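Below is one structure, written out as structure tokens, with a few remarks after it.
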Amino acid sequence: MTEKGETVIALLGQPNSGKSTLFNALTGMKQHVGNWPGKTVEKKEGNFEHNGTHYLVADLPGTYSLSANSDEEMITRDYIASGKADVVCILADSSQLERSLYMLADYAGITVPCFLVLNMSDVAEEMGKRADAKGIEKKLGIPVVSFSAPDTKSYDKFYDALERAVRGKTAVDASGLFERYEKIDAYGTIKSLIPDNIIRGYSGAWLAAKAVEGDEPVIARIKAAVSDEDKKALDTAISSVDKGVVITGECKFGWIDELLSDTAQKGSSGVSLGRFDRLITHRIWGKPVVVLIVLLGLIASFIPALPLMGIGQLISNIPDPLSEALIGAGCPAFISALLCDVLIRSVSFIVQMLGFVFGVTLVFGMLEEIGVMARISYVFDNTMARFGLQGKSVMPFLISFGCTMGGAAGTRVIDNWGQKVLTIALAWAVPCGAAWAVIPMLSTVFFGAWMPVIIAVILIVMLLHMWLTAKIFGRSLVKAEDRYGMIMELPPYHRPKWGALLRYVFGRTKDTFLRALKVVLVVALAFWLLSYTSTGDITSSILYKVGHFIEPVTKLFGMGWQTFMAFIASSLGKEGALGVLSTIFTGSGTISVGSVVGGAAAENINELLVANVPKPEALALIFAMTFNMPCIVALAATYQETHSVKWTARIALYYTAVALILAGIAYRIGLLIW
Ligand SMILES: Nc1nc2c(ncn2[C@@H]2O[C@H](COP(=O)(O)OP(=O)(O)OP(=O)(O)O)[C@@H](O)[C@H]2O)c(=O)[nH]1
Ligand SMILES: [Mg+2]
């Protein structure tokens, strides 16, 4: 119970059992959900109310058991021992019940009240598997529900089980399991040496089983509570056990089998290798097929972009007539320029890019939900090992297509610090959601139908960049003996849940819109102010003076001062570049350099850009922006995950330098073409 009187529920379950899906449905929050294990890496809390009771629910990182193998498992165990949770909701995946009930077996002996949710009942049903929740409930003595977390209509069952568990303070009846433990020689001795209640919520039976498994933190706690003599007896008993984890594991699986013997139908086998799995795990065809899927996915992402690009272009036609009308109506030039040149043009840009964000999130969200992303990571496990990384590193890369910050945070499942830093360093090279919004749009503006070619080249450069970065940093970060692959398990396929997926995609698009609006407006406003002069002569503005001063240097990288300013702004967030472009190149009003540079009577911002920025320079800008550091937030996340100022700064400087070099190369190639 919290100070505010909320009842606290902890969600416990193996990775990918649906904890975050349940959490989101209960709280209305937006935790990352996807069909691969290890998404939630940090405890998240949220609130909800039901029948007048206020609840606080904690979404814990998924763990396979409650042993002390990893940070996540320790977080989970400590949370339960902290006494914060009034009730623990244990989730199991009904489509692979035998395996996923292992968590329940490992929980047995903990006295914090609990209930069991047999999630993914729809997936199980499709496989012909059926579990008798009532029968299991009778055997376990705790409330058991069988349901499907994305199906919000079926939540009555869930709330009912929750209330019964809280009211009845229900604990698992695991006598059958303990009987099996009793047959282990050392177990009885160890259990008799453990005083009562040394860790809140953990029974002597649970602690003894963990001690048999050789669980160091538990053994240390027991030793701290007993006499020297008992300590010696304990050591003798523990050292007499060989492969304790295997022995208790057999007890747990035996108990689960017995539990399910007359309460569950097995159905077809769980994770069978489908035709698709055989294809992508093929020695020769696997990788090309996977690369093709990603490329097709990207191309498909552009389809929803087209209508929004059209709308954005229409919006960009508003400022000119509007500012004329405003000035005609006696509105001060400053205000009219602020409204038309900063606000409306920024919105026009943002609407044009949102279509891409929507498309990429939808297509890749769907692939992730189905389980394709997990398979991609599986296919590249060996390749990753060659770069000194783990198969687990692939997911942060793929997440980085959406958001580099998410990618950096996702590296928390990588237990080796050097591999983690290297993964983040490489993830920076992956163009993020904001880049996918800005780059295709600018490429279309400048190069029309050639946009897909530019995107393809960017993807190839990205791979080369990652390869080079791994070569440069890999040696000092990852020792040769750590260069092994670590295969991620293949989750069963899921049919995408369209409702939840669309909610997620619209949510993401909305978040991006708001973020972009903020970044673009702030940057546009700042640069507009810097370029504002009362006389209307841009050459006397601060921006122009600074720009001209540095231009000899920026020219080396193929960029004039205006585009270079856009590059600088893109370090804050890729959308920032749009803010700069829209301010510096706007055609109306007094502050325009558009007419100064190009003299073109252009109608909207896109035409102004084309009139004022030569194609080679545009290409330079596109490469500079794409491979620039992703954004300020990604920089902060990198520091947070690496805990190293040195490495964060090193990566940031390296990326800035590489971006500029790539821009210089792109410019020179552009000169040869145009
Ligand atoms: N068909 C179906 N899919 C589900 C159900 N519950 C969850 N999912 C899907 O299963 C996948 C895993 O769900 P998550 O909620 O992310 O699982 P989690 O337990 O939080 O996973 P980690 O954070 O990685 O430990 C997602 O693709 C969900 O959309 C269900 O009842 N039926
Ligand atoms: Mg989760």
Side-chain angles (χ1 to χ4, degrees), residues 10-27 29-46 57-66 70-73 75-76 88-97 99-100 102-103 116-127 129 131 133 145-155 157-158 270-271 364-375 377 392 395-396 398-399 406 409-414 488-505 507:
L11 302 183
L12 180 70
Q14 293 194 342
N16 218 32
S17 53
K19 297 174 296 299
S20 301
T21 308
L22 175 62
F23 177 86
N24 288 348
L26 291 173
T27 63
M29 287 169 72
K30 272 186 285 188
Q31 276 280 78
H32 185 158
V33 161
N35 191 8
W36 53 278
K39 295 157 302 271
T40 308
V41 287
E42 215 169 13
K43 185 191 82 195
K44 278 273 152 44
E45 293 181 331
V57 41
D59 183 14
L60 297 172
T63 60
Y64 289 96
S65 68
L66 289 171
S70 67
D71 289 350
E72 283 84 41
E73 281 164 324
I75 297 178
T76 308
V88 174
C89 168
I90 303 173
L91 275 93
D93 174 353
S94 314
S95 71
Q96 29 189 348
L97 209 49
R99 224 182 83 180
S100 72
Y102 190 83
M103 182 54 99
L116 176 66
V117 170
L118 306 176
N119 190 29
M120 315 240 183
S121 57
D122 56 326
V123 185
E125 216 156 282
E126 247 165 60
M127 296 173 168
K129 298 183 178 188
V145 256
S146 164
F147 92 145
S148 167
D151 177 14
T152 40
K153 281 192 254 33
S154 63
Y155 271 55
K157 285 198 265 187
F158 172 83
V271 193
F364 286 90
M366 190 180 73
L367 291 179
E368 187 181 342
E369 276 293 301
I370 297 174
V372 174
M373 296 303 239
R375 282 158 174 84
S377 144
K392 283 185 193 166
M395 273 337 274
L398 294 173
I399 298 175
T411 59
R412 213 169 294 174
V413 292
I414 299 171
M488 173 195 251
E489 63 172 319
L490 289 184
Y493 289 109
H494 289 168
R495 228 180 274 276
K497 297 276 170 202
W498 293 106
L501 183 61
L502 285 176
R503 265 197 303 281
Y504 167 72
V505 173

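We count ligands from 1, going down the list as the structure has it; atoms in each ligand are counted the same way. Note that the structure is predicted; figures quoted are calculated from it, not measured.
Only the backbone of W36 comes within contact range of ligand 1, with a heavy atom under 4.0 Å; no side-chain atom does. Heavy atoms from both the backbone and the side chain of S148 come within less than 4.0 Å of ligand 1. Of the heavy atoms in H494, only side-chain atoms (C-beta onward) come closer than 4.0 Å to ligand 1. Contacts between K497 and ligand 1 below 4.0 angstrom, taking non-hydrogen atoms only, involve the side chain exclusively.
Remark: minimum distance from atom 4 (C) of ligand 1 to any protein heavy atom is reached at M120 SD, 3.7 Å. The protein atom (non-hydrogen) at minimum distance from atom 11 (C) of ligand 1 is G34 O, 3.5 Å. With respect to atom 32 (N) of ligand 1, the closest heavy atom belonging to the protein is D122 OD1, 2.8 Å. Annotation: atom 6 (N) of ligand 1 to nearest protein heavy atom, N119 ND2, 3.0 Å. Among all protein heavy atoms, the one lying closest to atom 21 (O) of ligand 1 is N16 N, 3.0 Å.
Taking any N or O of R495, backbone or side chain, none lies under 3.5 Å from an N or O belonging to ligand 1. For a threshold of 3.5 Å applied to N or O pairs, the pair formed by K39 and ligand 1 contains at least one separation below that value. For the pair V33 and ligand 1, the shortest N or O to N or O distance does not fall below 3.5 Å. At least one N or O atom of T40, backbone or side chain, sits closer than 3.5 Å to an N or O atom of ligand 1.
Excluding waters, the set of protein N, O or S atoms lying under 2.8 Å from the Mg ion (ligand 2) comprises S20 OG, T40 OG1.
Remark: ligand 1 atoms within the under-4.0 Å shell around heavy atoms of P15 are 25 (O). Heavy-atom contacts of G62 reach the following atoms of ligand 1: 25 (O) (cutoff under 4.0 Å). Counting atoms of ligand 1 from 1 in the listed order, those under 4.0 Å from a heavy atom of T21 are 7 (C), 13 (O), 14 (P), 15 (O), 28 (C). Taking a cut-off of under 4.0 Å to the non-hydrogen atoms of P37, the atoms of ligand 1 that pass are 24 (O). Short contacts between ligand 1 and S20, defined as distances under 4.0 Å to a heavy atom of the residue, involve ligand atoms 15 (O), 18 (P), 20 (O).
In this structure, the side chain of S94 does not engage the main chain of A124 through any donor-acceptor pair within 3.5 Å. In this structure a side-chain-to-backbone donor-acceptor pair under 3.5 Å is missing from N35 to A374. Between the side chain of S121 and the main chain of F147, a donor-acceptor pair closer than 3.5 Å is present. Here the side chain of T40 pairs no donor or acceptor atom with the backbone of P61 at under 3.5 angstrom.
When the heavy atoms of P61, P150, G13, G18 are ranked by distance to atom 5 (C) of ligand 1, first place goes to P150. In this comparison of Q14, E369, K19, the heavy atom closest to atom 25 (O) of ligand 1 sits on K19.
With rounding to the nearest 0.5 angstrom, the CG atom of L502 is 11.0 Å from the CE atom of M366. To the nearest 0.5 Å, atom SG of residue C89 and atom CG of residue L26 are 8.5 Å apart.
Counting heavy atoms from C-beta outward, K19 and L60 have side chains that stay 4.5 Å or more apart. Two residues are said to be in side-chain contact when any heavy atoms from C-beta on lie closer than 4.5 Å; L12 and M103 meet this criterion. Using a 4.5 Å cut-off on side-chain heavy atoms (C-beta onward), L11 and L22 make contact. With contacts defined as side-chain heavy-atom distances shorter than 4.5 Å, the pair S20/K39 does not qualify.
When the salt bridge (Lys or Arg N to Asp or Glu O under 4.0 Å) test is applied to K43, the partners found at least two apart in sequence or on another chain are E45. Q31 is linked by a side chain to side chain donor-acceptor pair (under 3.5 Å) to D59, counting only residues two or more places apart in sequence or in another chain. With sequence neighbours excluded, the residues that form a salt bridge (Lys or Arg N to Asp or Glu O under 4.0 Å) with K497 are D122.
Ion pairing of R495 with E369 is absent here, as no side-chain N (NZ or NE/NH1/NH2) approaches a carboxylate O to less than 4.0 Å.
Both tests pass for R375 against the ring of Y493: distance under 6.0 Å to the centre and angle within 45° of the axis.
Ring planes of F158 and Y155: tilted class, angle from 30 to 60°.
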